[in-house]
Participant: 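Structure below; questions to follow.
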Amino acid sequence: MGRKRPSDCPSLLRQPSINYALATVSDASLSDQMDLSFDLVAALDHALLGAAGRAGLTGTGFVPGVRTADAVHGDFQANGALAYAKQQRQNPRTVAQALVEQLGDLAPLFDVSVAGPGFINLRLKPTALFAWIAAHGTRAALAAGAAAAEKDHTVVVDYSSPNTAKQMHVGHLRSAVIGEAVCRLLEFSGATVIRDNHIGDWGTQFGKLIWAHKRLLDPAALTRDALEEFERLYKLGNTAAEADPAVLKEAQQELVKLQAHDPENLALWRHIGEVSVAAFQDIYEQLGIRFDLTLGESFYNDKLEPIYRELAGCSLATESEGAQVVFHPEHPRFKTQPFIIRKSDGAANYATTDLATILYRTERLHATDVFYVVDKRQSDHFEQLFLTARKWFERTNRPLPRLRHLDFGTVLGENGKPLKTKSGDNIRLKELLAEASERSYQLVTAKNPELPEVERRTIAQIVGVGSVQYADLSQNRSSDYVFSWDKMISLDGNTAAYLLYAVARIYSIFRKLDLRPADPASEAGASPFETPAELALARKLVRFPDALGAATNHLRPHFLCTYLYELAGEFSTFYNADKVAVTEAPVRARRLLLCNRTLLLLETGLQLLGLRTLTRM
RNA sequence: GGGGCGGUAGCUCAAUGGAUAGAGCAUCGGUCUUCGAAACCGAGGGUUGCGGGUUCGACCCCCGCCCGCCCCGCCA
């Protein structure tokens with residue numbers, strides 16, 4: 001039917017911008033009007049294509065292959081000549097040379113050369129570096145540059161998704177942190193993002209919980225910590241039911257009543273849900289998360305019947321061992337491993353709800369993309385879900401959004417096993433974040449005892465929570481990672497504290513000079529960058545769009561983390577090598593310009609990751 | 001048994017099919033009368049699990065094997 005499959009939907013790859021002004025620049029002298037594209041890779045790609053046309057490389061598709069280069073070779077490189085030469089049985093260096101001869105328009109901006117077997121190296125001239133940096137001096141300018149990439153997308157991001165009546169624990173950390181970062185990245189790139197908390201608010205556990213709630217509730221404990229009390233009640237209900245068949249029966253009847261919408265049980269269930277969601281807010285606020293929707297499993301209760309009918313109606317669902325299941329005969333595994341959409345007792349399960357959710361998000365929310373930030377152990381489930389949804393939508397003639405499982409690995413303890421308390425319980429998120437703050441507080445107090453206590457507490461909260469977030473984000477999300485307080489709160493290495501310190505130090509410079517970073521006057525009269533440290537920092541600044549693009553296209557925040565860490569490192573080197581507060585006005589202005597842009601990119605980047613920043617720490 | 005993901009420096013991790021595989025920690029050696037030393041500079045450290053293959057070029061793609069973690073019918 002030609003309907004979109006997950007693998008060939010329009011990708012999130014950035015569309016090259018076409019409104020760059022490279023070709024109009026014909027004067028190497030410094031010009032405030034020099035307007036360089038936000039995405040220089042895309043601009044160069046286009047320039048190379050033009051050059052290929054003029055050089056007569058019109059055969060079958062010349063691909064420029066522009067990418068950022070190792071700094072020893074330049075700022076960018078184009079590798080397309082190699083593949084083209086191979087394909088056309090020509091000498092790659094000759095092809096590269098021919099291309100370079102057609103790149104005269106770039107001469108005011110780049111030093112262009114051919115190296116090795118046929119690489120084209122492009123190094124920004126100091127004036128061009130300066131012009132790019134001058135042109136991208138505000139958050140708005142960055143956002144405007146980035147916003148083209150995803151502008152036609154409406155993305156539903158399904159993340160966090162804890163269960164009501166239970167504490168959030170460390171197992172919920174990554175979904176929340178990665179999900180939020182992904183949302184912010186997509187928004188910055190112009191997508192309409194709908195944050196949906198698909199909470200687990202329906203299930204058989206409510207029978208035992210309601211049974212215990214009616215008999216064993218401690219109102220004072222409920223006020224003190226509602227989730228803790230719900231957990232206690234559930235455990236009581238569970239042990240009582242295990243010990244006494246009569247209790248089990250009563251609990252099952254409570255569940256039946258709830259499912260039959262008995263007013264009392266329904267009200268109680270609703271109350272539990274509301275109290276739970278309210279309790280989650282504390283965690284979400286600390287992590288900078290605000291959902292647009294909280295549509296839990298129960299929301300879909302009355303939307304499940306049509307799913308059964310449709311799946312049976314279009315010959316997808318079949319009966320197996322008393323359950324309704326979907327097999328995928330063409331799939332080596334799922335031809336025998338069923339996707340159970342209705343249990344043999346007639347009840348729905350998460351597969352059914354997930355299918356109903358896809359329908360809702362498509363028809364009601366008009367999603368073009370749905371991303372699930374869920375633990376990688378559920379990858380089979382999502383593969384079956386997407387396969388089933390695709391066939392179902394095909395057969396019912398509906399457009400299918402791009403569905404994608406953003407999987408992530410497990411948080412491990414130092415012993416290499418999933419992180420738990422010493423006694424083997426789940427570590428509560430609330431306590432984990434509190435410990436992060438406390439450890440940071442000890443550190444701040446040791447480093448800066450003269451700061452007022454209130455300020456040290458605020459700093460500790462931001463550094464502590466940020467450290468946890470950053471430790472999670474800075475690692476490839478697909479792999480497991482070892483949780484280590486010492487590493488994540490550390491001042492050294494790729495950590496939140498290192499980045500936040502760089503930010504604080506830049507603010508400190510401006511304070512010392514009695515200037516404000518946002519004030520353009522501090523940069524007025526800046527001369528082009530000269531020293532090795534200035535140039536290295538400037539070159540790093542120009543790579544921001546590339547890092548942002550990599551993180552957004554792959555939905556992997558660690559690409560941005562790596563960049564921010566390198567940027568902060570480049571700044572520290574510059575800071576140690578070149579004094580900013582010199583008397584010579586043009587030199588001072590250009591160094592302030594570098595400080596200002598580094599600050600802008602660090603703060604923008606950290607905010608996109610979900611972290612808050614500080615002006616002193 | 002079937003499948004997924006991983007194996008890169010002593011440790012924790014990076015690396016768009018590109019050039020000499022990079023960081024941090026740890027180790028060793030330097031730098032504070034100068035904008036915040038929570039910093040910076042330098043050194044040593046590698047058969048990218050093993051064996052084949054594809055390619056001008058492979059940590060990356062393909063095949064086989066070894067090891068680890070995870071998933072595989074009515075939990076989510």
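Labels below follow one simple rule: chain letters A, B, ... track the order of the sequence lines, proteins then strands, and each chain is numbered from 1.
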Participant: What is the distance, rounded to the nearest whole Å, between atom CG of A:Asp407 and atom P of B:G3?
Facilitator: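 The distance from CG of A:Asp407 to P of B:G3 comes to 19 Å, rounded to the nearest Å.
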
Participant: I need the CG-C1' distance between A:Asn553 and B:U16, as an integer number of Å.
Facilitator: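 Checked: the CG to C1' distance equals 10 Å.
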
Participant: Looking just at side-chain N and O atoms, do A:Ser572 and A:Arg505 make a donor-acceptor pair shorter than 3.5 Å?
Facilitator: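 A:Ser572 vs A:Arg505: donor-acceptor pair found between side chains.
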
Participant: Using the 3.5 Å cut-off, write out each protein N or O paired with an N or O of nucleotides 32-35 of chain B and the distance between them.
Facilitator:
residue : atom : partner  : partner atom : Å
B:U34   : O2'  : A:Lys579 : NZ           : 2.8
B:C35   : O4'  : A:Lys579 : NZ           : 3.2
B:C35   : O2   : A:Val580 : N            : 3.3
B:C35   : O2   : A:Ala581 : N            : 3.0
B:C35   : N3   : A:Val580 : N            : 2.8
B:C35   : N4   : A:Tyr575 : O            : 2.3
B:C35   : N4   : A:Asp578 : O            : 3.0

Participant: Do A:Tyr565 and A:Tyr498 have ring centroids that are under 6.0 Å from one another?
Facilitator: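 Close enough - the centres of the two rings lie under 6.0 Å apart.
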
Participant: Which value, in whole Å, describes the distance between the P atoms of nucleotides B:G64 and B:G3?
Facilitator: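 Between the two P atoms, the distance is 10 Å.
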
Participant: B:C13 P sits how many Å from A:Tyr563 OH, rounded?
Facilitator: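 Value for this atom pair: 26 Å.
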
Participant: Under the 3.5 angstrom rule, does the side chain of A:Lys166 hit a backbone N or O of A:Pro162 as a donor-acceptor pair?
Facilitator: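 No; zero donor-acceptor contacts below 3.5 Å.
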
Participant: Classify every nucleotide of nucleotides 65-76 of chain B by which part a protein heavy atom approaches to under 4.0 Å, writing B for the base, S for the sugar-phosphate alone and - for neither, in 5'-to-3' order.
Facilitator: -----SSSBBSB

Participant: Give a yes/no verdict on a cation-pi contact between A:Arg457 and A:Tyr441, requiring under 6.0 Å between NZ or CZ and the six-membered ring centre and an angle within 45° of the axis.
Facilitator: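 Cation-pi check for A:Arg457 and A:Tyr441: passes.
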
Participant: Take atom CD of A:Glu383 and atom C1' of B:G3, then tell me their distance rounded to the nearest Å.
Facilitator: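 Roughly 9 Å, once rounded to whole Å.
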
Participant: Pull out every residue in residues 63-70 of chain A that has a heavy atom closer than 4.0 Å to any atom of RNA chain B, ordered by number, or say none.
Facilitator: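 The answer is A:Arg67, A:Thr68.
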
Participant: Is the positively charged end of A:Arg174 above the ring of A:Phe408, judged by distance under 6.0 angstrom from the centroid and angle within 45° of the axis?
Facilitator: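 No - A:Arg174 does not lie over the ring of A:Phe408 by the 6.0 Å and 45° rule.
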
Participant: Do we see a donor-acceptor contact under 3.5 Å between the side chains of A:Thr531 and A:Asp578?
Facilitator: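 There is such a pair (donor and acceptor under 3.5 Å, judged by atom type) between the side chains of A:Thr531 and A:Asp578.
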
Participant: For residues A:Asp546 and A:Thr68, is any side-chain donor paired with an opposing acceptor at under 3.5 Å?
Facilitator: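 A:Thr68 and A:Asp546 do have a side-chain donor-acceptor pair below 3.5 Å.
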
Participant: For a quick check of understanding: with a heavy-atom distance under 4.0 Å over all strands, which category does A:Asp201 fall into, base, sugar-phosphate or nothing?
Facilitator: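 Since no nucleic acid heavy atom lies under 4.0 Å of A:Asp201, the category is nothing.
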
Participant: Any sub-3.5 Å donor-acceptor pair from A:Gln384's side-chain atoms to A:Gln337's backbone N or O?
Facilitator: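 Answer holds: yes.
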
Participant: Could you check whether any side-chain N or O of A:Thr552 sits under 3.5 Å from a backbone N or O of A:Gly549, counting only pairs where one atom can act as donor and the other as acceptor?
Facilitator: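 No; zero donor-acceptor contacts below 3.5 Å.
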
Participant: A:Trp202 vs A:Trp269 aromatic rings, parallel, tilted or perpendicular, using cut-offs 30° and 60°?
Facilitator: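 Perpendicular, since the angle between the ring planes exceeds 60°.
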
Participant: Where does the angle between the aromatic ring planes of A:His198 and A:Tyr300 fall among parallel (under 30°), tilted (30 to 60°) and perpendicular (over 60°)?
Facilitator: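 Tilted: the ring planes of A:His198 and A:Tyr300 meet at 30° to 60°.
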
Participant: For nucleotides 27-29 of chain B, which of its nitrogen or oxygen atoms have a protein nitrogen or oxygen under 3.5 Å away, and what is each distance?
Facilitator:
none

Participant: Which nucleotide wins on minimum distance to the side chain of A:Tyr565, given the candidates B:A39, B:A23, B:G18?
Facilitator: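 Ranking B:A39, B:A23, B:G18 by closest atom to the A:Tyr565 side chain puts B:A23 first.
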
Participant: If anything within 90° of 0 is syn and all else is anti, what is B:C32?
Facilitator: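 It is syn.
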
Participant: Rounded to the nearest Å, what distance is computed from the NZ atom of residue A:Lys335 to the P atom of nucleotide B:G3?
Facilitator: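 Rounded to the whole Å, the gap is 11 Å.
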
Participant: Would you mind telling me which of B:A39, B:G18, B:A15 lies closest to the side-chain atoms of A:Phe119?
Facilitator: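 Of the candidates, B:G18 comes closest.
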
Participant: Classify the ring geometry of A:Trp485 against A:Phe483: parallel below 30°, tilted from 30° to 60°, perpendicular beyond 60°.
Facilitator: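 Plane angle over 60°, so perpendicular.
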
Participant: Rounded off to whole Å, could you give me the OH-to-P distance for the A:Tyr498 and B:G24 pair?
Facilitator: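 That distance rounds to 9 Å.
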
Participant: Using atom CD1 of A:Ile459 as one end and atom C1' of B:A38 as the other, report the distance to the nearest whole Å.
Facilitator: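 So the CD1-C1' distance, A:Ile459 to B:A38, works out to 12 Å.
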
Participant: Taking atom P in both B:C60 and B:U16, compute the distance separating them and give it to the nearest angstrom.
Facilitator: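 That atom pair is separated by 12 Å.
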
Participant: Would you mind reading off the distance between A:Gln87 atom CD and B:U55 atom C1', rounded to a whole angstrom?
Facilitator: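 Those two atoms, CD and C1', are 14 Å apart.
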
Participant: Using 4.0 Å as the upper bound for N to carboxylate O, is an ion pair formed by A:Lys376 and A:Asp480?
Facilitator: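 Between A:Lys376 and A:Asp480 there is a salt bridge, with a charged N closer than 4.0 Å to a carboxylate O.
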
Participant: Could you point out which residue of A:His554, A:His558, A:Arg556 forms a side-chain hydrogen bond (donor to acceptor under 3.5 Å, both in side chains) with A:Asn476?
Facilitator: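 Between A:Asn476 and the candidates, side-chain hydrogen bond (donor to acceptor under 3.5 Å, both in side chains) is satisfied uniquely by A:Arg556.
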
Participant: Just to be sure I understand: a Watson-Crick pair is purine N1 to pyrimidine N3 plus N6-O4 or O6-N4, both under 3.5 Å. Using that and G-U wobbles, which stems of three or more pairs involve RNA chain B?
Facilitator: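 Stem list for RNA chain B: B:1-7 with B:66-72, B:10-13 with B:22-25, B:27-31 with B:39-43, B:49-53 with B:61-65.
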
Participant: Roughly how many Å apart are B:G51 and B:A58, using the P atom of each and rounding to a whole number?
Facilitator: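 So the two P atoms sit 16 Å from each other.
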
Participant: Is there a donor in the side chain of A:Glu297 and an acceptor in the side chain of A:Thr353, or the other way round, less than 3.5 Å apart?
Facilitator: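 No pair is found: no donor N or O on one side chain lies under 3.5 Å from an acceptor on the other.
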
Participant: Just jot down the side chain to side chain contact (heavy atoms under 4.5 Å, CB included) partners of A:Lys343, sequence neighbours excluded, or say none.
Facilitator: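 Once residues adjacent in sequence are excluded, the partners of A:Lys343 under the side chain to side chain contact (heavy atoms under 4.5 Å, CB included) criterion are A:Asp345, A:Ala347, A:Asn349.
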
Participant: Checking all strands, does A:Phe483 fall into the base, sugar-phosphate, or nothing category for heavy-atom contacts under 4.0 angstrom?
Facilitator: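 Contact class for A:Phe483: none.
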
Participant: Can you say whether a donor on the side chain of A:Gln77 sits under 3.5 Å from an acceptor on the base of B:A19, or the other way round?
Facilitator: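 Indeed, a donor on one side and an acceptor on the other fall under 3.5 Å apart.
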
Participant: Parallel under 30°, tilted from 30 to 60°, perpendicular over 60°: which one fits the rings of A:Tyr372 and A:Phe386?
Facilitator: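 A:Tyr372 and A:Phe386: tilted rings.
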
Participant: Closest-nucleotide mapping onto RNA chain B: is A:Lys487 or A:Lys447 further toward the 5' terminus? I mean the 5' end.
Facilitator: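 Result of the comparison: A:Lys487.
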
Participant: Using a 90° cut-off around 0 for syn, call B:G73 syn or anti.
Facilitator: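 Glycosidic conformation of B:G73: syn.
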
Participant: Given the side-chain rings of A:Phe529 and A:Phe574, with only the six-membered ring counted for Trp, is the space between their centroids under 6.0 Å?
Facilitator: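 Between A:Phe529 and A:Phe574, the centre distance exceeds or equals 6.0 Å.
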
Participant: Between B:G18, B:A14, B:A19, which nucleotide gets closest to the side-chain atoms of A:Thr562?
Facilitator: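 The answer is B:A14, which lies nearest to the side chain.
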
